[in-house]
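Quantities reported herein were computed from a predicted structural model and do not represent experimental measurements.
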Amino acid sequence: MNKQKLIVIGAVAAGTKAASKAKRENPDLDVKIFTKEEHISYAGCGLPYYIGGIIKEKNELVVRTPEIFKKEQDIDIFIKHEVTKVDVNSKKVFVTNLDTQEQLSYEYDKLVLAMGASPIKPPLENISLKNIFTLRSVTDAFEIRDLVDAGKVQKAVVVGGGFIGLEVAENLKHRGVEVTLIELAPHVLPPFDEEIALLAQAHMKDKGVNIITSEKVLGFEGNGEFVSKVKSTAGDFEADIVVLSIGVRPNVKIAAEAGIELGTTGAIKVDKYMQTNVGDVFAVGDCAENVNLVTNLPAWYPMGSTSNKTGRIAGNNVVNTEHMDSLEGVLGTTIVKLFDMNAAKTGLSERDARKAGMNIETILVPATDKAHYYPGNKPIITKLIVERSTHKILGAEIIGSGIVDKPIDIIATAMTLNARVEDLTKLDLAYAPPFSMAMSSTIMAANVMLNKLNSKIDTITSRDLQEKLKDSQVNIVDVREEEECFISAIPGTLNIPLNTLSERSGEIDKSKETVILVCKVGKRAFLAYLKLKQQGFENIKVLEGGINAYPYNVE
């Protein structure tokens, strides 16, 4: 009896995961993986940290080798072999051996497409100069690290302020390199909302990274064959190396040529079983489309976590056709470390929710990651995005020097289970002073959100306050102590400490349209809000997050 044949195109995360799972489910399966790369099953997300020297050795990045796959699982991996064509009618793949240029063909019974994604390299002037890198493979990381180790990099320019760009900037800075980062969008971390992203941006600047936003790279100049300068709308910047981190595109060429349907995102369209429109052909990882669990619309999240999940599901379904596994959708949950600050996100941003036409409410709530009296506690800020009519959680963003992975994972879990804000407030979470506040940051944010939804408090965001500062019809009343305001305060602030507010409320100019109450994190401002309501003040708002979450200039 002939063995069933599985061919996987692409390795790294999704491809090797699919192959391994299929082989475990059916040890008699004949499994072949083809990849045009030299390295397989490597830690792509760890590449910036190898550059920074946090990951010391090259072999720490390589999870498994072709020899290990063959020895442990009897999986044949062909490196430097590029699949150039798929014939879905004859069930054949056509392969070029990149070392010998030999043309080969192989038959399959089942096919898994895991071609990944490729970095975007726009057709800019002199983009082919040496020492202009994209950080997509271990080869890129090895070359950059070798240059830094050799003392050949004093100045670097990073193009793109997404996760990889920021991680590269941080790690080059750790190595003593002068770093300039250029981002076309108005702020770094474009998927995040402005007030969260600006906090991260300010922190990066404080750490010595020169960040240029709302500007475009125009091209490069070289000293011989090596890059020496980056030309941009903000001027020219000297560079010994350039790292392009402006996004990736799914590798779908051979799929499209084979008649395999692409989705609206440009990636390969699959169902919840990872099946394409062609029988016995699956697609996984960065080349495949996903579904957003909040909107139920197609989305594309080229992330290692999603790649591993989809690879495992396809590997199971290749073998177990009667008991197929499925993935209903993903939330795009993600996290990044930036020097001493951490930022995480799940679900929709406020911007995306409004763009989708949703009627939403948002709240920004500072807290600490441990009990406030326990040594080593650090601040974090939680932003919740909620559907106003149903109270369903649509998204969250968390930033701070404290632990953010635990709360973002709690919220992502709750969202996956269709939780409402009320459900968050009732979660029975672990508490002890070294680990959390008695009322965790997540529960605290949910409680404040409920107060806002139930009209027990009226708030204003830092972004909206920035707009209101342009007119004169606003009272900003800071209810912190005088010495706190002396350190930092929003321009035009009237300082009336909370414990004197009842006697001094007459100092507030009632002829102005709005009273905005400010404190460190929002708690004292809320108490001031209740006091002024009792005294007959009408249009009062509390600044969400207080001074701790205010990303704009203070005096």
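In summary, Arg524 and Glu484 engage in a salt bridge, as defined by a charged side-chain N under 4.0 Å from a carboxylate O. Between Lys345 and Glu397 there is no salt bridge, since no side-chain nitrogen of the basic residue lies less than 4.0 Å from a carboxylate oxygen of the acidic one. With salt bridges taken as basic N to acidic carboxylate O contacts below 4.0 Å, none links Asp369 and Lys406.
Scanning both residues, Arg136 and Asp140, for their nearest heavy atoms gives N-OD2, 3.1 Å.
Crowding of Lys173 atom NZ: a count of heavy atoms from other residues, nucleotides or ligands under 6.0 Å exceeding 12. Glu215 CD: more than 12 foreign heavy atoms inside a 6.0 Å radius.
Cation-pi contact between Lys370 and Phe435: absent, since separation from the ring centre below 6.0 Å together with deviation from the ring axis within 45° is not met.
Note on residues 176-187: pairs passing side-chain hydrogen bond (donor to acceptor under 3.5 Å, both in side chains), not counting sequence neighbours, are Thr180-Asn210.
If you check the side chains of Glu387 and Thr390, you find a donor sitting under 3.5 Å from an acceptor. Checking Tyr550 against Gln466 by side-chain atom types alone, a donor-acceptor pair falls below 3.5 Å. Under 3.5 Å, the side chains of Thr265 and Glu289 contain a donor-acceptor pair of N or O atoms.
You'll find the ring centres of Phe142 and Tyr50 inside the 6.0 Å limit.
Of the options Arg175, Lys337, Lys207, a salt bridge (charged side-chain N to carboxylate O under 4.0 Å, His left out) to Glu170 is made by Lys337 and by none of the others.
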